[in-house]
Amino acid sequence: MDARLRRVNKEIADCKNDKTSKITLELVDESPFHLKGAFPGPEGTPYEGGHFEVDIRIPDSYPFQPLKMKFITKVYHPNISSASGAICLDILKDAWSPVLTLKSTLISLQSLLCSPEPNDPQDAEVAKHYMTSRSSFEETARYWTHIYAGGPEAKAAGKARDTPVGAVRDEIAIAGLEKAHVDQFEALGFERTKVIDVLRRLNYRGANVAKITEDRVVEELLKS
Amino acid sequence: MLADSLTQLLLSDVPDPTDFPKSPPGLRELDSSLRCNICGDLFDGPVTLACGHCFCSLCVRNALAEKAECPICRKQASETQLRVNLAIETCVAAWKLARTHILRLTKEEEERLTRPKRKASDFERIVIESPMKKRKRAGGYDERNSSPTPGSSKSPSKIRPKSPVKAKRVVSQQDDDVIEISSSPVSNAPDIPSAADLVTCPVCEKEVPFALINKHIDQRCPPPPPSDNDASTSKDAQQTAWSKLMAGGGGKGRPKERGIDEEPIPKASYHTLKDKQLRELLLDHHLPVSGDRSTWITRHQRWVMLWNANLDKSPNLRKSANDLRSELKKWEAEKTGKKKTVVDDVAGYEKRNKAHFQALTEAARPRKVPDKSPSAVAPGSPDVASPLATPRDIILVDEVEEVQIG
Ligand SMILES: [Zn+2]
Ligand SMILES: [Zn+2]
Ligand SMILES: [Zn+2]
């Protein structure tokens, strides 16, 4: 058995035997070097109660090259791409060390959820949201945890789901916007999806709403 | 097929510190402290960095080639700092000799301590199942097929391995305990395969009759006598180039083969070398010059790493230059295997290992003894007489048997 396989074998066994970390690993396909990891969202964060899955690829030169990881579960977090699940974390890049393991790396991802680094963002829009209105950001993150990671229902957004127009409200909540704002521009004759897209890009949230004029929004809507 | 996955699981059993129970204290820690943090195996040619952290020479040379820092504490580090750690090397050699024996003693002790504390109903099942499983860990072979009479008090140590699979396991489980094969103090123990059983050579991983294994290793792994499960080998130019060199041919007029107690090879600054000089460099070490310039460079870099790491071991533990060449060849094949079509074997290999990993991920490995100290069980108290640990073991064995039937 080659050294890499031996090490991966030991690492999987180690995860299996560690009942306290709550980290799980499973095979994805034919290869022992393509795994799916999962862990619970950390307590006391908007990710609490969620179950987060991570795609893991173990490169040929592991452990001398870092593990390749990305979120399978959609996560609303400044250092995680809301579209692709790509992760911005130093140990997955330059700060990798061959003594790091599947388990320790997944634990690092878990703690990344506890402490975002908005100054080194993977998703600029989410980072902007995080910087401008923390409570609004957290509400959206909680909502994403609920709908994508099976977390508990978030207060405000959760209620919206049960209304007949739930699907539309979801779309707005997922973007972390207010329905009133979207309605306002939709009433001017713009398509709802366009409005959501532009408002999200402009970070039309919290205190920012006062700083961005209606004209500016309309201008962007006409351009798009 | 599912039974096959079980076989794979057992065959691939990789020794690690959790083979030892948490109690008696210190054994797990001892085993763990003699392992490299990079590969997880017992130190092979241990070297220490300026910060004091210790790794296998080859492991840390590999790591330093990527980044000039200690993999553990991240202090600045370089190959020039490496110092051979003779004390640890000696310690590992002794531990390899003692490990299996101590493992068996701890398992026996554990059984002795837990047995009288079971309820009568549990007792029967445990006698049948649990010791088998535990003995399998300790003795390094699978006793499940030896089916002792239910309820009998047959001692597990009387059970002998019969099939080649079991015999193979003995060696494969001791993958990094090579010494035991030739000079093990437990060589009179009952779990020794019979002479005709095929065992996996821990050096070249070929299957060799047990009776010939010592000779095979002493002769530096010549091809074993033909057997029906011989994998067909591809014969491209590369292959031929390698085998010619392995046969000891070398280039015409080349210097004599280096002895194994030679000097370390200095690193070359490849960008200053012309193609011709690069080829010379490879030929000096009896390495093939197939491939392009970048292949030559990677080949030479890897060779320097293997060679210098080998010199960090005590002379009696060093590999021969030919073994190192085999290793280099294997490494190249693995590296290019993904792009080229050496697939035949690779696919089978991955499939076999998939089965193994499936088993690993679906059921926690039965080899692991849950953390519990036997003394934690109140003696003579029937209510706590079946601690979580052992019933769980039994369940696992049951699952495994179902799998075999299905
Ligand atoms: Zn190592
Ligand atoms: Zn260090
Ligand atoms: Zn001395």
Side-chain angles (χ1 to χ4, degrees), chain A residues 1-38 53-54 56-68 90-106, chain B residues 9 11-18 35-41 44 53 55-56 58-60 62-67 69-74 172 175-176 200 205 330-331 334-335 337-338 346-347 349-365 367-371:
Chain A
M1 204 195 305
D2 76 2
R4 179 173 65 138
L5 192 56
R6 287 170 65 82
R7 211 189 110 149
V8 172
N9 182 320
K10 283 177 207 259
E11 289 194 41
I12 292 179
D14 184 36
C15 272
K16 288 284 161 209
N17 287 300
D18 183 353
K19 302 285 182 291
T20 54
S21 73
K22 294 207 176 75
I23 284 174
T24 59
L25 286 172
E26 57 188 272
L27 281 185
V28 174
D29 51 36
E30 294 289 302
S31 165
F33 304 120
H34 186 194
L35 305 173
K36 186 166 83 178
E53 295 187 337
V54 179
I56 306 168
R57 288 190 183 269
I58 299 165
D60 293 347
S61 45
Y62 182 75
F64 303 103
Q65 290 288 324
L67 291 163
K68 293 191 172 77
D90 58 357
I91 59 159
L92 290 175
K93 294 165 189 161
D94 320 329
W96 172 258
S97 155
V99 301
L100 296 175
T101 62
L102 291 165
K103 187 167 95 179
S104 71
T105 309
L106 286 169
Chain B
L9 171 70
L11 282 175
S12 313
D13 196 4
V14 178
D16 84 13
T18 58
R35 284 173 190 275
C36 166
N37 272 293
I38 297 177
C39 63
D41 290 331
D44 182 30
H53 286 122
F55 307 90
C56 308
L58 186 58
C59 287
V60 76
N62 243 317
L64 291 174
E66 298 289 337
K67 213 191 307 181
E69 64 176 33
C70 168
I72 295 176
C73 67
R74 297 188 186 275
S172 118
D175 234 10
D176 50 17
T200 305
E205 294 177 331
K330 216 170 121 191
W331 180 80
E334 263 162 29
K335 226 163 67 71
K338 274 91 194 174
V346 172
Y349 166 85
E350 296 222 319
K351 199 152 201 165
R352 288 198 304 276
N353 283 299
K354 181 199 163 109
H356 155 225
F357 274 83
Q358 202 86 60
L360 251 189
T361 47
E362 276 164 13
R365 300 205 302 181
R367 62 191 293 255
K368 301 300 176 184
V369 178
D371 301 340

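Since the model is a prediction, treat every value here as computed from it, not as a measurement. Throughout, protein chains are lettered first and strands after them, A, B, ... in sequence-line order, and every chain is numbered starting at 1.
- Looking at E11(A), neither its backbone nor its side chain comes within 4.5 Å of chain B, counting heavy atoms on both sides.
- N37(B) pairs by the side chain to side chain donor-acceptor pair (under 3.5 Å) definition with nothing, not counting sequence neighbours.
- For the pair R7(A) and I38(B), the tightest heavy-atom approach, listed with the atom from each and the gap, is NH1-O, 2.8 Å.
- Between the K67(B) side chain and the D94(A) main chain, a donor and an acceptor come within less than 3.5 Å of each other.
- Note on K10(A) versus D41(B): salt bridge recorded, some NZ/NE/NH1/NH2 to OD/OE distance being below 4.0 Å.
- Note that CG of N9(A) is 8.5 Å distant from CG of D16(B), once rounded to the nearest 0.5 Å.
- Here the OG-CG distance, from S61(A) to N62(B), works out to 9.0 Å after rounding to the nearest 0.5 Å.
- When heavy atoms are compared at a cutoff of 4.5 Å, P63(A) approaches chain B solely by way of its side chain, counted from C-beta outward.
- Nearest heavy atom pair, residue P71(B) against residue S97(A), reads O-OG, 2.6 Å.
- Rounded to the nearest 0.5 angstrom, E66(B) CD and W96(A) CH2 are separated by 11.5 Å.
- Using a 4.5 Å heavy-atom threshold, the side chains of C39(B) and R6(A) count as separate.
- Under the 4.5 Å side-chain criterion, counting only non-hydrogen atoms from C-beta, K335(B) is not in contact with D60(A).
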